[in-house]
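Protein chains get the first letters and strands the later ones, always in sequence-line order, with residue 1 at the start of each. Only a predicted model underlies this, so the values are computations on that prediction, with no experimental measurement involved.
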Amino acid sequence: MTDRDPIDEMLAREPYREDQGFTARVLERLPPRRRDRRAIALGLAAAAAAAAGALSLPVLAQEVAGVAAWWPPFGLPAPAAALLLGLVAAGAAAAAALAPE
Amino acid sequence: MGPSDAELVARVLARDDRHAFAALVRRHQSAVRGLLRRLCAGDAAAADDLAQETFLLAYRKLGTWRGGARLSTWLHRIAWSAWASQARRTPAPESPEAEARSPADAAIDRGDLEWAMGKLRDEERTALALAYGAGLTHEEAAAILDWPLGTLKSHVQRGKEKLRRLLLPAGGEAP
């Protein structure tokens, strides 16, 4: 025969608690996703590169205009066109990174 | 049967998978909130705030979880630490000397138990909250608290005796 201790029984009785929005509240408070943080950093880098490009492009174009071959599709000197393409690629990468999964 | 805790943790760590983390929270929220409800002596709002803190901290520290220990044990440790550090910052007011329930009171319900838990010393309440209802063995509870097993058992015993005096009418039988 076993004497059940009523205090033991009370303590061991732990009902399941329904979630009732608890998980959603935790998720709301999580820090931004790593993927989002990467995308933000990438976007900032692309913006900085674009600004630097915008500032240096006329000078660069002027310096290389005499020696560089013209790139027919853009009508720009090859180095400047390459820089422009690089900026477009960076922007596209940032947009892809920011896109939801 | 869904993926194991270890699989879900791996997904969170590998690609910050929020669905996997949500699954972990849903799986363990009841036990963590129950533990904190007892530690907070029935203060549901405070317990849920601490439970949220527990899971946020767990998210940040997930990489430190050693697969050898059960995730639930690890979460209980974090929950207890969160509660203990808050208790240090804002100590609860001294409880008046515990008074037994009137024998006229009828059935003992959950609220009564939580009320009575609030009358215990922090060590006794902690020992009982972890050793019962959280699904932990006494050894696991002692390890979480970093107490010798004998110390845990002493606090459990003293806490139970106080609960008995508070909750059970003379004679010691539950109504």
Salt bridge or not for R164(B) and E161(B), using N-O below 4.0 Å?
-> yes
Y16(A) versus chain B, the contacting section by heavy-atom distance below 4.5 Å = both
Which class fits the ring pair Y132(B) and H138(B): parallel under 30°, tilted 30 to 60°, perpendicular over 60°?
-> perpendicular
Between R60(B) and chain A, which part of the residue has a heavy atom less than 4.5 Å away: side chain, backbone, both or neither?
-> neither
Contact residues of residues 40-57 of chain B (partner chain A; heavy-atom separation under 4.5 angstrom) | D48(B), A51(B), Q52(B), E53(B), F55(B), L56(B)
H155(B) and W147(B), any side-chain heavy atoms less than 4.5 Å apart = yes
Close side-chain approach of R11(B) to L8(B), heavy-atom, < 4.5 Å | yes
E18(A) portion near chain B, given a 4.5 angstrom heavy-atom threshold = backbone
Just wondering, do L163(B) and L11(A) contact through their side chains at under 4.5 Å, heavy atoms?
-> yes
Going by heavy atoms in the side chains, are W65(B) and I78(B) under 4.5 Å from each other?
-> no
Non-hydrogen atoms of chain A under 4.5 Å away: do they reach the side chain of V12(B), the backbone, both or neither?
-> backbone
Close side-chain approach of L24(B) to Y59(B), heavy-atom, < 4.5 Å = no
Provide the full list of side-chain hydrogen bond (donor to acceptor under 3.5 Å, both in side chains) pairs with a residue in residues 66-77 of chain B, sequence neighbours left out, each pair given once.
-> R70(B)-E140(B)
